[in-house]
Structure formats: C-alpha cells, structure tokens
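Read the structure below first, then the notes.
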Amino acid sequence: MVSKEIHIKGIVQGVGFRPFVFSMAKKYNITGWVRNSSAGVDILANGTPQDIGGFITEVKTNPPPLAKIDEIFESDINSDDYNDFTILQSQKIPGEFIPISPDVSICSECQKELFDPGNHRYRYPFINCTNCGPRLTIIKEIPYDRPNTTMAEFSMCDRCQTEYDNPLDRRFHAQPIACPDCGPQVWFESSTSAPKNGESGIQQARHFLKDGKIIAIKGLGGFHLACDALNREAVSNLRQRKKRSDKPFATMVFGIETVEKYCQINDAEKILIESPERPIVILLRKKGTHIPEQIAPGMKTLGVMLAYTPLHLLLLEPENGYPDLFVMTSGNIYDETITYTNESAKEVLYSIADGFLFHNRDINIRIDDSVITEYNGQKYFYRRSRGYAPNAIILPNRSPEILAVGGELKNTFCLTKKKYAFISHHIGDLKNMETYQAFTEGIANYQHMFNAKPQFIACDLHPEYLSTKYAYHYSKANNIPLLQVQHHHAHLAACLADNTWDSDENVIGICLDGTGYGLDKQIWGCEILIGGYRMFQRKFHLEYMPLPGGDSAILHPNRIAAAYLWKLGLPWDDHISSIKSLTSEEKSVMKRQLESHINTPNTSSMGRLFDAVASLIGLRHTINYEAQAAIELEQITEPSITDAYKFEITENIINLNSVISNILSDINHSIHGAVISTKFHNTIANLILFLCKQIEKENNLHHVALSGGVWQNQYLLRKTYQILTEEGFSVLIHHHIPPNDGGISLGQAVIANKHYK
C-alpha cells in the first residue's frame with residue numbers, strides 16, 4: 001500500500017469535483033479523503049500502486065464536464081491507515097484563491113425534471129444541480145460554499161439537505177440547491193393587476209408577452225426587457241421607451257428548432273449556441289421569415305440565444321398561438337449598465353416595462369449576456385461576459401498581483417495572480433455614474449474573491465478616461481506604482497497573450513480601431529506596429545485627418561467625410577451625398593472650424609475612415625450607436641467582388657487621396673454602393689498585406705497579430721486572414737477575449753508584468 005497527497009488547482013469547486021473523486025475512489029478501492037480549500041481541492045489517497053495510478057489517471061483525464069484542471073501536484077507521504085474514503089469540510093487558507101466557475105445554463109437532466117409532472121421540482125424556476133446553475137453571480141467569497149453565497153438566507157428542507165449531503169447524488173454540495181418548499185420564489189407585478197405568485201405569475205407574464213406588452217424579467221445576472229419579436233408595434237414601443245433607435249436587439253428562443261426556422265446555422269454555430277455558456281450568437285437571417293426590420297435595422301444578421309435558465313424556459317415554453325421568437329435585451333436605458341436589483345428595476349425600468357417578473361434570489365455581481373460569432377469553426381468574441389467570465393487566461397509566466405483597469409468603452413478590468421489573468425465580465429462604457437459604480441464594485445468583488453491585493457496598477461494613456469482617473473487615485477491611495485500603457489500597444493499585447501505567446505520576439509501588429517490616445521497626443525486608430533510585450537515601434541499609420549467637433553463628430557459621419565474632402569483638397573460638391581446632407585449653416589461652421597483649427601483634433605483612425613466612406617456613398621450620415629456606419633458598410637459587401645482601389649504610401653504615412661478620389665469617381669459613375677463598399681474593404685486587406693510584406697523584407701518578421709475593434713468586421717477579417725496566410729504569414733487573431741476594447745485590460749496587465757519585473 002502507498003499513500004499520496006494530491007493538490008489540484010483550476011475550476012474544481014462547484015462543478016461536482018468532490019463527488020466525482022469520491023466515486024473514483026470507490027471504483028479503485030482508494031481510502032482517504034477529499035476536501036475543498038481556498039487553494040483548490042486536496043486529496044489524500046491510500047491504495048495499491050496500481051489502484052493509485054488508475055485513480056490519478058482517471059482524475060486527470062475524465063473530470064466532470066464543467067471542471068477545468070490547470071495543475072496537479074503529487075507527493076508521496078506516510079499516512080495513517082483509513083478504512084474508508086470520506087469528504088471533509090472545506091478549509092479556508094489565508095491568502096490563497098481558486099478560479100471560480102462562470103454561471104452555467106440549465107443542464108439536460110434538470111430541464112427534463114423541470115417539465116416532468118412526477119418530479120418534486122416540476123415547473124420550479126430555480127431548479128439546478130452540480131452541473132448547472134448560478135455561480136459567479138451569487139458568490140460573495142471563497143471557498144464556494146452555500147454560506148458564502150446569496151443562497152445563505154434560504155434554509156434547506158429535509159429533502160434538499162439529504163440530496164446535498166449524499167456524495168452519490170447529482171446535487172451533492174450544489175450550493176444553489178433549492179425546491180418549491182425551501183427556495184427562492186417568483187412573482188409578477190403590474191399597474192393593471194394584483195401581484196401573482198409562482199406559476200400564476202409566470203402565466204400572467206406569458207399573457208402580457210402574447211398581448212404585445214413589454215415585461216422586465218429578473219434573470220441570472222440582471223434584468224432583461226422582453227417582448228414578442230414578431231410584433232412590430234411591441235418592438236417599436238420597446239425601442240422608443242428604451243431610447244434605442246437602431247442598435248440591434250438580441251433575441252431568445254426556447255429551442256434549436258426555432259433558431260433553424262429563422263436563421264442559417266452551420267454545425268460549428270450550433271455547437272456554440274447549444275454550449276453550456278449559452279451566448280448570443282450572431283447568425284445570418286433566412287430570407288422570407290417576416291422578422292420585423294426593427295429588430296436589427298440594416299442588418300443581414302440576427303443575435304440569438306437559447307433560453308438558459310429554468311425561468312426563461314417556463315416563460316418561453318411553446319404553445320399553440322404563443323410567440324416563438326422574443327426580444328431579450330438588457331434591462332437598462334440606452335447605454336447604462338444592466339439593472340440587477342428589484343428596487344432599482346422599479347426605479348429605472350418603470351417607464352419601459354408594462355409588468356415585472358421578480359424573484360427573491362439576490363444577485364451579488366451583475367453580469368450581461370456574452371456575444372460571439374463563429375470564425376473558422378471557433379468562437380470569436382464581440383462581448384465576453386456571462387458564461388465565460390471570470391475564466392482565466394493562463395499566463396506563460398508567473399505574475400505579481402496587478403490590476404489593469406482597461407479603457408473607456410466596452411470596459412473590462414483584469415486582475416493577475418500567479419499564472420492567472422482574471423478578466424472581468426463586460427462592464428460597459430464608463431460614461432455615467434451607474435456604470436462607473438459597476439466598475440468599482442466589480443474590482444472590489446474580484447479582489448475579495450481572489451484574495452488579491454494589487455502591487456502594481458496599469459491604465460490607458462488617455463488622461464480623461466474615468467478608468468485612468470480611478471488608476472491615479474488607486475495608485476496614490478495604496479502607494480503602489482502606476483503604469484500608463486499606450487492603447488494600441490495594449491491591443492497588440494492582448495492578442496499575443498490571447499495566443500499564449502511566450503517570447504520576447506517582436507511581431508507585426510495590425511491595430512485598427514476608432515480611438516486611441518497616441519504618444520504624440522493625437523487620436524490614433526490605424527497603427528501598423530512592430531513590437532511585443534516590452535515595447536513597440538509605430539512603423540506605419542494612416543495620414544492624420546481633422547475631426548471637426550472632436551468626439552461629437554463620431555455621431556456625424558457626414559461631417560467626417562466633409563472634413564476628409566477638405567483636408568485632401570477635394571471640392572464640396574452637392575452631388576456628393578455627404579455634402580448634400582449638410583445644411584448651409586453646418587457647412588459654414590465646419591469650414592470656419594477647419595480653417596482656424598478650432599476643436600478639430602487630428603486622427604489616424606481606421607474607424608473614422610469607414611464612417612466617412614459609409615457617408616460618401618449615402619449609406620449613413622448620422623449614427624445612433626457606436627460603429628453603426630461601419631457595421632452597415634460591412635453588411636452590404638459582396639464576397640464575389642475582387643476589385644480594389646489603389647493606395648499610396650509616403651515614407652511611413654498611408655495616404656488617402658487616391659482611395660477617396662477613386663471612390664468619388666465611382667460615385668460619379670453611379671457605381672452601386674455595395675460594389676464601392678466591397679472594393680474599399682478589399683483595399684484595406686491589400687494594404688495590410690503590402691505593409692506586412694514590407695516589414696517582413698526589412699525586419700524578417702513573419703507573425704502578424706490582428707487586434708482592435710475594426711477586426712469585428714467579419715468580411716475584412718476573413719479577407720485579410722486569407723491573403724496573409726496565402727503569402728506565408730502566421731496570423732494571430734483573438735480566441736478568448738474580444739478584439740475590441742473589451743480586451744485591452746489583458747494587454748495592459750501583461751505589459752505591466754514585464755515592466756514590473
């Protein structure tokens with residue numbers, strides 16, 4: 001007989017790991033014990049060498065589906081004899097931490113029980129087990145035990161306690177375990193009817209949806225606003241009340257059959273949409289399905305997710321005459337953060353919702369839905385949040401405890417500890433007090449959960465970002481060093497870390513976005529870099545163009561287009577759509593601004609170039625949400641078109657005169673906007689290939705990293721990736737975090753790690 005002490009790190013708590021170890025111990029005749037601790041899972045195993053070997057192999061290779069083993073440490077010990085194998089109480093270890101499982105959608109077994117009339121939890125909206133249910137949203141501290149969650153106030157009944165205590169039960173130590181007798185409850189409120197509890201409340205909510213009304217639903221990480229997606233009046237009312245003119249709405253359906261009814265979906269997309277994370281997946285809409293244009297104006301695509309909680313399943317359950325496609329959008333007004341308490345929902349959403357479906361399980365951390373698309377058979381993030389956060393990026397080297405606070409738009413923050421980089425859920429745009437409060441609350445929660453006390457803090461270079469100001473204050477208050485990281489260097493480093501790049505070798509960084517504060521205090525956005533984690537060199541960039549009115553110009557692509565024409569010496573002819581859309585007063589004010597350089601910062605932004613082109617062809621002159629013009633410009637591309645415009649480069653400057661002049665020539669010859677858009681996209685791809693070949697020739701670099709919000713453009717990404725790989729370049733793209741500003745906190749953190757060392 002031999003004895004081993006085994007320590008396992010990773011996502012190994014709240015995922016059925018101890019009962020799995022227990023059953024494996026019985027299978028291999030192992031005696032000893034297993035327990036959770038603040039550092040992971042500890043096992044003491046006694047048995048024959050052969051049985052011990054089989055036991056450890058099975059633990060490594062066949063863990064529970066939601067578990068993620070990062071490291072296993074084994075050591076031989078002398079141990080007292082044990083007659084049995086037991087599960088011990090959790091142990092709290094000061095200063096230690098473990099990765100925490102994200103929230104997980106309802107599993108197939110629980111869903112079966114949910115609709116089984118013979119089951120004790122039949123139609124109970126909080127049914128869960130060890131393999132599914134809330135995690136991050138209910139955790140207050142570690143270890144992940146019930147007293148440390150928002151479920152602590154619900155005392156288990158005898159039936160639930162028996163399941164919870166049985167190592168062979170599917171609900172053994174399922175911390176959110178509950179049933180109708182002892183767990184959280186739902187109820188429905190409206191101004192037109194008396195409150196209704198439980199099943200009656202759910203049915204009342206269904207009646208409201210069927211009648212074309214809007215309801216607010218308290219879900220897993222906050223409130224949704226829902227209505228019948230095929231009811232044009234309901235969708236229009238929701239847009240008007242939510243103050244969301246054009247930005248696409250996410251939709252939710254009961255099952256995959258409904259997805260296939262409305263959208264084209266391939267095998268890889270089906271795997272993503274049915275995964276336990278249940279993200280919103282961007283899919284091509286089928287033609288002739290009568291989906292109202294108001295759902296996603298100007299788009300060929302639809303964002304769809306499957307119902308992922310038992311409450312959503314009960315609400316969307318199919319029935320003759322009942323809607324099968326629902327708008328399911330974040331419970332907020334305009335760009336504010338998602339509402340997550342009953343009290344705030346009544347205050348914030350009262351003017352939007354006709355009724356409220358509440359429950360009394362508190363949400364400790366608000367969290368929005370994730371948004372992804374499929375690229376080359378894998379997920380490609382637009383927004384990384386529920387289902388994925390706080391999954392860690394494993395760093396190639398150990399890191400001190402660093403806090404990186406991200407940027408202004410699509411904010412996330414990143415906390416590093418040892419070999420883990422914990423990137424937060426999507427916070428949003430730091431433009432109002434509510435979102436800033438979610439940002440500061442999130443940082444405090446993550447530091448508490450992961451027992452982290454940052455020794456170093458990193459932020460963006462922009463002095464006016466709220467995240468930068470927070471970093472200044474935090475640095476002084478805690479007497480720790482502060483590092484400001486240039487925006488596009490952070491994008492480059494984020495892409496490298498996303499690809500587990502473990503080298504000081506430089507790469508070519510193609511960082512394209514809308515706004516980033518440059519080293520010269522100008523607005524950067526089309527940056528061809530050479531660099532890595534330690535440093536970067538700006539090799540090429542788009543020529544500077546004036547931005548009349550500064551940030552306010554972003555809402556007016558027609559003004560951007562006019563400014564570009566002025567800078568390039570091209571006339572403001574009224575036959576040009578952008579110029580025609582401007583009033584005489586606007587043109588007069590702009591001309592004075594441009595000539596006197598009043599509030600006209602310079603920008604090398606690729607995002608603004610896309611805006612200008614969209615306006616020049618008459619597609620979009622003003623926008624109602626970020627990147628709307630560029631998104632709609634991509635939507636009209638035609639992959640069959642291979643033509644492109646010529647471009648010019650002077651030293652390290654990418655000139656725009658040739659491209660803009662040729663676009664104007666096509667407009668004058670009545671060339672269709674879809675053709676111009678496609679030629680423009682092809683031009684950018686060809687430009688990138690040309691510049692990469694120049695750098696390869698001069699610097700012998702073969703790896704290319706694509707990062708920045710412009711790389712959400714799937715046509716440009718696919719085209720560029722294809723021609724670069726055909727020319728022999730090794731292309732790095734994002735896989736685990738978004739290419740947009742939602743990923744720069746990781747880049748800031750890994751750059752700070754190099755500087756700290």
Side-chain angles (χ1 to χ4, degrees), residues 102-103 105 136 219-226 229 242 244 246-253 259 262-263 265 268-285 295-308 312 325-332 335-338 366-375 378-391 406 409-412 423-429 435 498 513 625-628 630-632 634-635 708-714 717 733-744:
D103 300 282
S105 67
L136 174 65
L220 197 61
F223 277 80
H224 281 126
L225 290 166
K242 189 175 159 71
R244 183 166 168 168
D246 295 315
K247 192 174 183 180
F249 280 140
T251 60
M252 181 182 278
V253 299
V259 178
Y262 292 106
C263 298
I265 183 167
E269 291 167 335
K270 188 173 181 181
I271 290 171
L272 292 178
I273 204 168
E274 291 185 317
S275 68
E277 293 84 3
R278 291 289 198 275
I280 299 168
V281 181
I282 307 300
L283 301 171
L284 277 173
R285 283 193 281 181
I295 292 288
M299 306 293 286
K300 298 177 184 177
T301 55
L302 187 68
V304 193
M305 58 181 155
L306 297 182
Y308 55 84
H312 287 110
L325 182 69
F326 298 83
V327 170
M328 199 66 66
T329 186
S330 303
N332 57 12
D335 282 337
E336 294 180 0
T337 190
I338 187 170
R366 69 182 103 194
I367 190 165
D368 222 327
D369 297 312
S370 294
V371 184
I372 65 173
T373 190
E374 177 268 332
Y375 181 75
Q378 299 182 25
K379 59 182 176 289
Y380 190 79
F381 282 96
Y382 291 160
R383 184 169 75 197
R384 180 184 180 273
S385 205
R386 178 190 52 77
Y388 300 97
N391 277 343
L409 302 179
K410 299 179 175 64
N411 177 271
T412 64
I423 303 163
S424 77
H425 51 287
H426 168 81
I427 303 296
D429 297 350
T435 311
D498 199 352
D513 63 3
Y625 63 89
E626 186 197 6
Q628 182 180 8
I631 290 169
E632 293 180 359
E634 179 199 353
Q635 291 290 308
V710 170
W711 293 112
Q712 292 180 171
N713 184 315
Q714 288 295 298
L717 176 66
I733 65 170
H734 286 274
H735 301 288
H736 305 100
I737 59 172
N740 59 42
D741 285 5
I744 64 169

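One N or O on the side chain of Glu634 and one on the backbone of Gln714 form a donor-acceptor pair closer than 3.5 Å.
Across Ser424 and Ala389, no two heavy atoms sit closer than the pair C-CB, 4.0 Å. Ser275 and Ser105 make their closest contact through O-OG, 4.2 Å (heavy atoms, listed as atom of the first residue, atom of the second, distance). The two atoms that bring Leu325 and Val253 nearest to each other are CD1-CG1, 3.5 Å, heavy atoms only. Here the shortest heavy-atom pairing between Leu225 and Ser330 reads CD1-O, 3.9 Å. Nearest heavy-atom pair, Ile631 versus Tyr625, reported as atom, atom and distance to 0.1 Å: CD1-CE1, 3.8 Å. Taking both residues in full, the closest heavy atoms of Asp513 and Gly709 are given as CB-N, 3.7 Å, listed atom of the first, atom of the second, then distance.
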Item to check | Intermediate values then yes/no, side chain to side chain contact (heavy atoms under 4.5 Å, CB included), Arg244 and Thr329 | outcome: CA-CA 11 Å; Arg244 183 166 168 168; Thr329 186; 3.1 Å; yes
Next on the checklist: Test side chain to side chain contact (heavy atoms under 4.5 Å, CB included) on Val327 and Ile295; report intermediate values, then the result.
Outcome noted: CA-CA 8 Å; Val327 170; Ile295 292 288; 3.4 Å; yes
Item to check | From CA spacing to verdict: side chain to side chain contact (heavy atoms under 4.5 Å, CB included), Phe381, His734 | outcome: CA-CA 8 Å; Phe381 282 96; His734 286 274; over 6 Å; no
Next on the checklist: Would Lys242 and Asn332 count as a side chain to side chain contact (heavy atoms under 4.5 Å, CB included) here? Give the steps.
Outcome noted: CA-CA 7 Å; Lys242 189 175 159 71; Asn332 57 12; 2.3 Å; yes
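In this structure, the side chains of His312 and Met305 stay at 4.5 Å or more apart for every pair of heavy atoms. For the pair Arg278/Arg386, a side-chain contact is recorded, criterion being any heavy-atom separation below 4.5 Å from C-beta on. A heavy-atom distance below 4.5 Å is found between the side chains of Leu284 and Lys300. Counting heavy atoms from C-beta outward, Arg384 and Thr412 have side chains that stay 4.5 Å or more apart. At least one side-chain heavy atom of Ile427 sits less than 4.5 Å from a side-chain heavy atom of Thr435. In this structure the side chain of Thr251 never reaches within 4.5 angstrom of the side chain of Tyr262, judged on heavy atoms. A 4.5 Å side-chain heavy-atom check between Leu136 and Asp103 finds at least one atom pair inside the cut-off. At least one side-chain heavy atom of His224 sits under 4.5 Å from a side-chain heavy atom of Asp369.
A side chain to side chain contact (heavy atoms under 4.5 Å, CB included) with Ser385 holds for exactly one of Ile280, Asp368, Ile338; it is Asp368.
Of the inter-residue distances, the one linking Arg285 atom CZ with Leu302 atom CG reads 6.0 Å to the nearest 0.5 angstrom. Between the CG atom of Asp429 and the CD atom of Glu336 there is a distance of 12.0 Å, given to the nearest 0.5 Å. Note: His426 NE2 to Tyr388 OH = 15.5 Å, rounded to the nearest 0.5 Å. In this structure, the separation between CD on Glu269 and OG1 on Thr373 is 6.5 Å, given to the nearest 0.5 Å. Separating the CD1 atom in Ile733 from the OH atom in Tyr380 is a distance of 6.0 Å, to the nearest 0.5 Å. Met299 CE to Lys247 NZ: the interatomic distance, rounded to the nearest 0.5 Å, is 11.0 Å.
Residues passing the salt bridge (charged side-chain N to carboxylate O under 4.0 Å, His left out) test with Glu632, sequence neighbours excluded: Arg620.
Classification of Glu277 and Lys379 as a salt-bridged pair fails, no side-chain N sitting under 4.0 Å from a carboxylate O.
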Could you go through residues 736-744 and list every donor-acceptor pair under 3.5 Å that involves a side-chain atom there, pairing it with any protein atom two or more places apart or in another chain?
residue : atom : partner : partner atom : Å
His736  : ND1  : Asp498  : O            : 3.4
His736  : ND1  : Asp498  : OD1          : 2.8
Asn740  : OD1  : Gly742  : N            : 2.8
Asn740  : ND2  : Tyr382  : O            : 2.9
Asn740  : ND2  : Gln712  : OE1          : 2.3
Asp741  : OD1  : His487  : NE2          : 3.1
Asp741  : OD1  : His491  : NE2          : 3.1

